[in-house]
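Labels below follow one simple rule: chain letters A, B, ... track the order of the sequence lines, proteins then strands, and each chain is numbered from 1.
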2 protein chains.
Amino acid sequence: MVPPELDEGLPLERIGDFSLEELLGMAIKAEIGARKFYESLAERIEVEALKEKIEWLAGEEGKHEALLRKMYGAMFPGKEVVFPKEHIGPELKPVARELHGVQDIIDLMKWAMKAEEIAAQFYEGIEKIVESEERKRLMRYLSDMERGHYYTLRAEYELLLDWEMYSQMMHVGP
Amino acid sequence: MVPPELDEGLPLERIGDFSLEELLGMAIKAEIGARKFYESLAERIEVEALKEKIEWLAGEEGKHEALLRKMYGAMFPGKEVVFPKEHIGPELKPVARELHGVQDIIDLMKWAMKAEEIAAQFYEGIEKIVESEERKRLMRYLSDMERGHYYTLRAEYELLLDWEMYSQMMHVGP
């Protein structure tokens, strides 16, 4: 079941149906959604080690939004960002409900992994569309970063499945 | 050319030549080396965005060391950690020299990527050796984390290759 925090969106193949301006708008919207998702998730997590990691992800998505807005500004000077109604791939939304126990967190992490994985592919898709080497490079940067997030989440997810060990191992060191 | 901060070590296939105790000792030593490498690299970097990311990596490796020590303590209670002279895969060492320009940073990032990639494979190798599901899970955790580092580094590395854009794009936000 898809939780309310995740909208599955259009398949990746639909990238070709949108202009670059629309795709950048979607990407900015997705980064904002991901940041708010992680912020609201972190607020609901009590295990300090995991909370910090999720807050870190929120901060990273905020930086990506800033980078994308800068790129948008350079490509469409003076224009307001247009946010299309549609979006490619899963879009994360703020967690508004109360979470009950670790299973709720595990489920949300699983969906966040899916969103990060497809975000990485989405940026790879935009890389093929932009023409200058500079912009391609920026898309590879974002794609690699999201892939890094995917593995960070996968690591935590995997350990969370054994909650007893997680809580035991994560109370380590200062 | 291999820089002084990196010792290439033994090939992965040699994992089978060592006991689990020795492998954990190697892993702890490698995490310490990586942390010191990132700490000393961060001290030599002036671009705030990159410095922060490298400092974050240093902190992560410190947490991995603590986790591994805890696992070691559980498996070999009361025993001092034995650090074998050999190590599997590249081992990072502190950066002791002065860096000259972005090319030096790029070179070190490239070696760090290699070290992270092989660290991920090294933990996968140990996963096959440990018997309990709990310990396998912990090895998958570390493997995924190092893979996450690899992609984080690859993203920065790729963007650093275009220094003009890097310095321009990274001066974003507050």
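Interface remark: Glu116(B) contributes no atoms to any contact with chain A (heavy atom separation under 4.5 Å). For Glu164(A), no part lies near chain B; criterion is any non-hydrogen pair under 4.5 Å.
Judged by distance alone, the side chains of Tyr38(B) and Glu60(B) never bring a donor and an acceptor atom under 3.5 Å apart. A donor-acceptor pair shorter than 3.5 Å can be found between the side chains of Glu22(A) and Ser19(A).
Here the rule is side-chain contact (heavy atoms from CB on, under 4.5 Å) with Leu41(B), and of Leu92(B), Asp104(B), Ile54(B), Leu57(B) only Ile54(B) fits it.
Chain A forms the most heavy-atom pairs under 4.5 Å with one residue out of His149(B), Glu156(B), Glu133(B), and that residue is Glu156(B). Of the listed residues Arg147(B), Met71(B), Glu146(B), Glu65(B), the one with more heavy-atom pairs under 4.5 angstrom with chain A than any other is Arg147(B). Interface remark: of the candidates Leu138(A), Leu161(A), Leu153(A), Leu159(A), Leu159(A) forms the most heavy-atom pairs closer than 4.5 Å to chain B.
Heavy atoms only, all atoms of each residue included: Ala58(B) and Arg35(B) are closest at O-CG, 3.6 Å. Ala120(A) approaches Ser143(A) most closely through the heavy-atom pair O-OG, 2.9 Å.
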